[in-house]
Amino acid sequence: MIDISKPIVEIQNLTKIYDGSKLAVNQMNLMIPRGRIIGLLGPNGSGKTTLIKMINGLLVPTSGKVLINGVAPGPASKAVISYLPERTYLPPGMKVKDIIAFFAQFYEDFSIERAYNMLQMLAIPPTAQLKTLSKGTKEKIQLILVMSRQAQLYILDEPIAGVDPAARDYILHTIMTNYDHQSSILLSTHLITDIEGILDEVIFIRYGQAIMHAPAEAVRRAHGKSVDAYFREVFAC
Amino acid sequence: MLKKLLKQEWKGFSLAPAIAMIVLAVLTVILMSTFMTSFWEQSSNIFVDLFAGLIILAYIFCLAAVSFCITICTAVRFYKNLFTDEGYLMFTLPVKTSDLLLSKILVAALWRIISYTGIFLSIFGIASVAGAYISDTGIVQFFREFFDLFKELLDMTWFELPVPLFFIWLILLSICYLFFDILYIHTCICMGQLFRKHKIGGAIISYFVLRFVFRLFRQILTIPLSDVLWYYNLDDISSGTWLLTMFISLLVIGGLCIVMYYFCTYQMSRKLNLD
């Protein structure tokens with residue numbers, strides 16, 4: 001039984017060292033609450049993607065723990081997390097309708113109807129083969145797949161990086177109109193201006209450590225500036 | 001979930017092996033039909049000779065290509081589907097790692113069985129038609145003689161052991177080797193993941209190193225047996241010794257399969273590091 005009073009993700013003394021020496025995540029402690037949109041903010045190489053991969057079970061921590069609903073990453077956690085990686089990962093030989101059927105088959109919370117509605121809105125033909133589509137369209141399909149689930153936690157790694165402003169608006173609109181408000185969204189980006197308006201909380205990451213975790217409004221009030229402006233101040237080169 | 005994974009794996013794996021099998025079937029039918037017609041009696045015609053040479057060459061090439069194709073598909077599919085960007089899709093599915101691995105092993109094994117059966121039926125089909133053509137007895141008679149020979153063989157004994165027991169051992173050993181070959185490829189790819197860079201190169205190096213280790217292991221294991229064969233007359237070896245040898249060979253191959261399976265599962269769950 002899931003205890004909804006507890007945070008959805010608990011990270012305890014998490015460390016990841018690559019190749020025996022490169023410290024990517026350093027003794028990190030973090031809690032991700034339920035029903036919130038949280039910005040995971042940090043410059044390139046700060047450890048955002050490494051942290052996200054460990055939550056998703058794609059990387060094994062060097063030490064420490066990641067708990068999702070109180071359990072380590074595994075089939076149970078993967079059933080409640082909807083993850084959008086920062087890269088296109090769909091098999092190129094598949095058709096759009098096949099990948100939708102694939103998701104529907106494996107994820108009980110996947111809505112085929114919602115997926116087809118979004119495809120129709122974007123005028124993406126379901127019969128199109130993925131290898132014939134542009135990178136931007138493939139990214140949109142990935143977002144459709146992720147947001148067609150009724151997950152408890154959505155993890156979106158750089159969802160607006162590398163897309164044009166119009167597509168950014170569409171992506172943010174899709175996220176906001178499709179997520180269940182009981183769920184949490186962990187949104188990693190360094191393009192803060194575009195997403196600041198939708199964030200409930202922000203986590204600043206530097207050198208693999210969470211240096212700040214606070215409500216977005218509290219940051220604005222405490223520092224008298226936007227989260228974006230404060231981010232620039234904190235991470236000034 | 002295993003059933004769903006098997007379905008997806010079957011879809012993803014089958015295209016190239018299916019094409020190879022269709023080509024083999026077409027070539028088999030062409031070759032068989034040459035024995036059913038008067039084709040081989042026109043050997044004085046240079047075009048007929050050329051066609052015959054080409055078709056036989058294509059057939060031999062195809063026999064090799066079917067096995068090669070399935071081995072390559074096993075390696076490529078396993079690597080691409082799990083350790084490249086596609087791994088982001090596969091490893092975030094709510095399935096157990098062991099199910100993921102099992103689906104790959106079982107589909108590859110099924111395709112190997114299909115290909116071996118196809119190759120056997122193809123050779124047997126051509127041989128039976130050719131045999132009937134050469135001996136001029138007809139196919140029915142050919143099959144009758146073949147099955148009589150097979151029945152006789154089944155009634156015989158081999159080192160005081162009934163031949164059917166030997167056949168059962170051969171079948172079990174073939175099954176073990178079937179899984180051994182697949183797991184060997186998977187193990188090498190998983191070992192390649194231990195390399196910081198050049199993971200494919202690492203897998204290839206692992207392939208040759210493991211091969212050497214296994215050969216050495218086999219050599220050491222067979223020393224006692226070769227000693228027995230060297231010092232004693234083959235007829236003096238008791239049926240018990242043969243039975244023991246047969247049992248040990250099954251145990252060793254089966255044991256290695258289990259070790260490789262657990263190594264792959266361990267690598268895919270506890271050591272996974274997708275770039």
Side-chain angles (χ1 to χ4, degrees), chain A residues 16-22 24 49-50 52-62 68 71-95 98-99 101-110 130 138 141-142 145-146 149 151 153 155 157, chain B residues 1-19 73 76-104 190 193-199 202 264-275:
Chain A
K16 180 67 189 177
I17 301 170
Y18 287 114
D19 300 340
S21 59
K22 197 182 158 207
T49 298
T50 301
I52 285 173
K53 281 189 189 177
M54 285 193 281
I55 297 172
N56 282 290
L58 298 173
L59 278 180
V60 180
T62 306
I68 300 108
V71 295
S77 72
K78 289 167 188 178
V80 298
I81 296 178
S82 192
Y83 168 49
L84 180 74
E86 90 288 17
R87 62 184 73 198
T88 48
Y89 62 90
L90 301 174
M94 278 179 119
K95 287 181 178 171
D98 294 336
I99 194 72
F102 181 91
F103 266 66
Q105 205 175 27
F106 284 98
Y107 297 106
E108 283 177 12
D109 57 8
F110 188 85
L130 289 162
K138 276 188 243 177
I141 291 169
Q142 287 186 177
L145 293 168
V146 167
R149 288 183 58 194
L153 174 64
I155 300 180
D157 194 0
Chain B
M1 282 295 180
L2 180 62
K3 210 173 150 187
K4 291 175 185 175
L5 284 170
L6 282 169
K7 196 179 151 191
Q8 288 303 325
E9 186 59 21
W10 178 259
K11 274 190 197 171
F13 191 98
S14 300
L15 183 65
I19 291 170
C73 283
V76 171
R77 173 84 185 153
F78 185 74
Y79 176 76
K80 208 172 156 220
N81 197 229
L82 297 180
F83 298 115
T84 62
D85 288 350
E86 281 181 35
Y88 281 75
L89 177 67
M90 300 312 291
F91 282 114
T92 48
L93 291 177
V95 297
K96 286 189 236 161
T97 311
S98 55
D99 284 352
L100 216 50
L101 179 62
L102 259 180
S103 67
K104 307 258 171 235
C190 285
Q193 295 302 305
L194 295 171
F195 288 69
R196 284 178 194 174
K197 288 175 183 172
H198 311 297
K199 294 184 174 182
C264 291
T265 313
Y266 178 77
Q267 275 298 117
M268 288 164 63
S269 53
R270 304 281 176 87
K271 292 279 173 190
L272 183 68
N273 280 306
L274 281 190
D275 289 332

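Note on naming: letters A, B, ... go to the chains in the order of the sequence lines (proteins, then strands), and numbering restarts at 1 for each one. Fair warning: this is a prediction, and the values are worked out from it, not measured in the lab.
Contacts of B:L15 with chain A are absent, with no heavy-atom separation under 4.5 Å from either backbone or side chain. Heavy-atom distances place no part of A:Y18 under 4.5 Å from chain B, backbone and side chain included. Looking at B:K11, neither its backbone nor its side chain comes within 4.5 Å of chain A, counting heavy atoms on both sides. Both the backbone and the side chain of A:F106 come within contact range of chain B, with heavy atoms under 4.5 Å apart. Neither the backbone nor the side chain of A:S82 comes within contact range of chain B; no heavy atom of the residue lies under 4.5 Å from a heavy atom of that chain.
When each of A:D19, A:L145, A:N56 is scored by its heavy-atom pairs under 4.5 Å with chain B, the top score falls to A:D19. By number of non-hydrogen pairs under 4.5 angstrom with chain B, the leading residue of A:A79, A:P85, A:P91 is A:P91. Note on A:E108, A:R87, A:M94, A:Q142: by heavy-atom pairs under 4.5 Å with chain B, the leading option is A:R87. In terms of non-hydrogen atom pairs under 4.5 Å with chain A, the most contact-rich of B:R196, B:K271, B:R270, B:K80 is B:R196.
Near-neighbour residues of residues 91-99 of chain B relative to chain A, defined by a heavy atom under 4.5 Å from a heavy atom of that chain, comprise B:F91, B:T92, B:L93, B:P94, B:V95, B:K96.
With sequence neighbours excluded, the residues that form a salt bridge (Lys or Arg N to Asp or Glu O under 4.0 Å) with B:E9 are B:R77, B:K104. Checked against salt bridge (Lys or Arg N to Asp or Glu O under 4.0 Å), A:K138 has no partners two or more places apart in sequence or in another chain. Residues passing the ring pair (Phe, Tyr, Trp, His ring centres under 6.0 Å) test with A:Y89, sequence neighbours excluded: none.
Proximity of B:D85 to A:L90: side-chain heavy atoms (C-beta onward) are nowhere separated by under 4.5 Å. Taking 4.5 Å as the limit, some side-chain heavy atom of B:N273 sits within range of a side-chain heavy atom of A:K16.
With a 6.0 Å radius and a threshold of 12 heavy atoms from other residues, nucleotides or ligands, B:K199 has its NZ atom above the threshold.
A pairwise comparison of heavy atoms in A:Q105 and B:K4 identifies O-NZ, 2.8 Å as the closest pair.
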Quiz item: Would B:L89 and A:F102 count as a side chain to side chain contact (heavy atoms under 4.5 Å, CB included) if you check the C-alpha gap in whole Å, the side-chain angles of each, and the deciding distance to 0.1 Å?
Solution: CA-CA 10 Å; B:L89 177 67; A:F102 181 91; 3.8 Å; yes

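To the nearest 0.5 angstrom, A:L58 atom CG is 12.5 Å from B:M90 atom CE.
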